[in-house]
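The next block holds one structure in the form of structure tokens; read it before the comments.
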Amino acid sequence: MLDALTAALGVAALALAAWCGHAVWRDQPTKDWHFIGMAVVTLLTLAQLVVGLVQLGRGEKPAQGAVLFVAYLVGAFAAVPAAGLLSLTERTKWGSVTVAAGAVVLAVLEVRLYDIWGSAGA
């Protein structure tokens, strides 16, 4: 898998978490700018999903199994959009908490995806 994309996604997810964490600190709900940030992160996860599936289709194999790898790819793709949808139902600072938590979950999933795929070369 593309290590650069995984690293970029991890950094982008942590930046989104910090940005929404700042909104929590200011007692603000998610705003339009936050949703634009979520869209950017979601597009990066979509790219990662496509690249991962293409690599599997070419016969490359993750060390810990293709099913686990695909499950984590799909989970990573769904983390931020799910948090964004939940934040729409809670238009207080707790909506921002939800997005920040979803972004932290995505960053952790990226570390795990790197482990699942990256340990294939070890």
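Small disclaimer: the values here were computed from a predicted structure and weren't measured.
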Note: A107 and G10 closest approach over all heavy atoms is CB-O, 4.2 Å

For the rings on H22 and W19, is their centre-to-centre separation under 6.0 Å?
no

Value for CG (D27) from CH2 (W94), rounded to nearest 0.5 Å, stands at 9.5 Å

Minimum heavy-atom distance G52-L73, with the two atoms named:
CA-CD1, 4.0 Å

State, to 0.1 Å, how close A79 and L106 come at their nearest heavy-atom pair, and which atoms those are.
CB-CB, 4.4 Å

Are side-chain heavy atoms of L53 and L49 found at a separation under 4.5 Å?
yes

Does T45 reach the side chain of V80, with side-chain heavy atoms less than 4.5 Å apart?
no

Do the side chains of L56 and W117 get nearer than 4.5 Å, heavy atoms only?
yes

Cluster overlap V40 with V50, hydrophobic side-chain contacts below 4.5 Å
no

Heavy-atom distance under 4.5 Å between the side chains of T30 and S96, does that happen here?
yes

Gap between atom CG of L109 and atom CD of Q48 - 0.5 Å precision
9.5 Å

Distance in Å, R91 CZ paired with K31 NZ, rounded so as to fall on 0.5 Å steps:
9.5 Å

Connected via hydrophobic side-chain network under 4.5 Å: W33 and F35
yes

Any E90 side-chain heavy atom under 4.5 Å of V97 side chain:
no

Linking I/L/V/M/F/W/Y whenever any side-chain heavy atoms sit under 4.5 Å apart, do V104 and W25 land together?
no

To the nearest 0.5 Å, atom SG of C20 lies from atom CD of Q28 at 10.5 Å

Measure across G21 and A100 and return the closest heavy-atom pair with its distance rounded to 0.1 Å.
N-CB, 4.2 Å

Shortest non-hydrogen pair, Y114 vs T6, comes out as CB-CG2, 4.2 Å

Does the side chain of V99 reach to within under 4.5 Å of the side chain of H34, using non-hydrogen atoms?
no

Compare every heavy atom of A83 with every heavy atom of G102, then report the nearest pair and how far apart it is.
CA-CB, 4.0 Å

Answer yes if L113 and V74 sit in the same cluster of Ile, Leu, Val, Met, Phe, Trp and Tyr residues linked by side chain heavy atoms under 4.5 Å apart, and no otherwise.
yes

Would you give the length of the straight line joining atom CD of Q55 to atom CZ of F69, rounded to the nearest 0.5 angstrom?
7.0 Å

Between M38 and L86, is there a shared hydrophobic cluster once you connect ILVMFWY residues whose side-chain heavy atoms come closer than 4.5 Å?
no

About how many Å separate CG of L68 and CD1 of I116, when rounded to the nearest 0.5 Å?
4.0 Å

